[in-house]
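Below is one structure, written out as structure tokens; comments come after it.
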Amino acid sequence: MGVSAGGLVTKLPRNRPWRAVSVGRFVLAGLVVAVLDISFAATYWVVIRQAITFPQLLRGIASGILGDAAATGGTAATLLGALVHCTVAFGWAAVFLGVRRWWPAFDRALRQPGTRIAAGMLFGMTVWLVMDFVVLPLSHASVTRIGSSWFRISLAWHAIGVGLPYAALLGGEPERS
């Protein structure tokens, strides 16, 4: 239900009967993606590249809000980075459900075993592109240079480590013939 400009109650369009995802599955999807994504970033930047520490990684996330002050923000900035990271993961889970709800072709793709993986991977790559081209430029965080190895690795990672878990956990029941 919605309210029009004149105050009349109207029904929102419904393309087909839709079963909502349980709160438990939503929470699980957000947590799984948050853990996988921070683990990926930590493995790359902390373990492989040895460029930063894990708290620095989280403060780097907080820098999207705090700017350069996050680098010297200590525990508070580190915790803020963790909170922001989890909030983003849950936010994208909500976007996934919204796209599934309002774009019937996406929902159909998620319900077909042969296309669920592709739909999830495309969603994950879209997440990375929107984060890098829209969200990061609007924040205080630095944007990844297009064509850099980190850009390509992140695009591939988001297809696998972000899109696939959302598709698996929030994609809905396969259609039965």
Show every donor-acceptor pair shorter than 3.5 Å between a side-chain atom in residues 75-99 and any protein atom, with sequence neighbours excluded, or say none if there are none.
residue: T78; atom: OG1; partner: R59; partner atom: NH1; Å: 3.1
residue: T78; atom: OG1; partner: G74; partner atom: O; Å: 3.0
residue: H85; atom: NE2; partner: A34; partner atom: O; Å: 2.9
residue: T87; atom: OG1; partner: L83; partner atom: O; Å: 2.7

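- Side-chain atoms of Q56 and T53 include a donor-acceptor pair closer than 3.5 Å.
- Remark: F123 CZ to W128 CH2 distance equals 15.0 Å, nearest 0.5 Å.
- Side-chain contact check for D107 and W102: no donor-acceptor pair (N or O, by modelled atom type) lies under 3.5 Å.
- Taken together through direct or relayed side-chain contacts under 4.5 Å among Ile, Leu, Val, Met, Phe, Trp and Tyr, I160 and V127 form parts of separate hydrophobic clusters.
- Using a distance-only test at 3.5 Å, with no hydrogens or angles considered, a donor-acceptor pair links the side chain of R100 to the main chain of L170.
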- Test side-chain contact (heavy atoms from CB on, under 4.5 Å) on L129 and H158 and set out the steps. CA-CA 9 Å; L129 294 172; H158 279 75; over 6 Å; no
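- Contact record, P165 with G161: CG-O, 3.3 Å, taken as the closest heavy-atom pair.
- Remark: L110 CG to Y166 OH distance equals 13.5 Å, nearest 0.5 Å.
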- For the pair V162 and L36, evaluate side-chain contact (heavy atoms from CB on, under 4.5 Å) and give the outcome as yes or no after the intermediate values. CA-CA 8 Å; V162 173; L36 287 175; over 6 Å; no
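- By the rule that hydrophobic residues join a cluster once side-chain heavy atoms approach within less than 4.5 Å of another member, M131 and I153 end up as members of one cluster.
- Contact detail for A119 and F106: the closest heavy-atom pair is O-CE1, 3.7 Å.
- The structure places OH of Y44 at 6.5 Å from CH2 of W150, a figure rounded to the nearest 0.5 Å.
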Side-chain donor/acceptor pairs under 3.5 Å, residues 132-139, sequence neighbours excluded:
residue: D132; atom: OD1; partner: T144; partner atom: N; Å: 3.0
residue: D132; atom: OD1; partner: T144; partner atom: OG1; Å: 3.2
residue: S139; atom: OG; partner: L136; partner atom: O; Å: 2.9
residue: S139; atom: OG; partner: A141; partner atom: N; Å: 3.0

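- A single hydrophobic cluster is seen to contain both V33 and V27, as judged by linkage of ILVMFWY side chains at heavy-atom distances under 4.5 Å, directly or through other members.
- V35 and V32 fall into different hydrophobic clusters, where Ile, Leu, Val, Met, Phe, Trp and Tyr side chains are chained together by heavy-atom contacts under 4.5 Å.
- Heavy-atom contacts from other residues, nucleotides or ligands closer than 6.0 Å to CD1 of I52 number more than 12.
- Under the 3.5 Å distance criterion, the side-chain polar atoms of S63 are left unmatched by any main-chain donor or acceptor of L66.
- The hydrophobic cluster containing F26 does not contain L164, counting ILVMFWY residues as joined when their side-chain heavy atoms lie under 4.5 angstrom apart, directly or transitively.
- Atom OG1 of T126 sits about 12.0 Å away from atom CE of M121, to the nearest 0.5 Å.
- Counting all heavy atoms, side chain and backbone alike, A159 lies closest to M125 at CB-CG, 3.5 Å.
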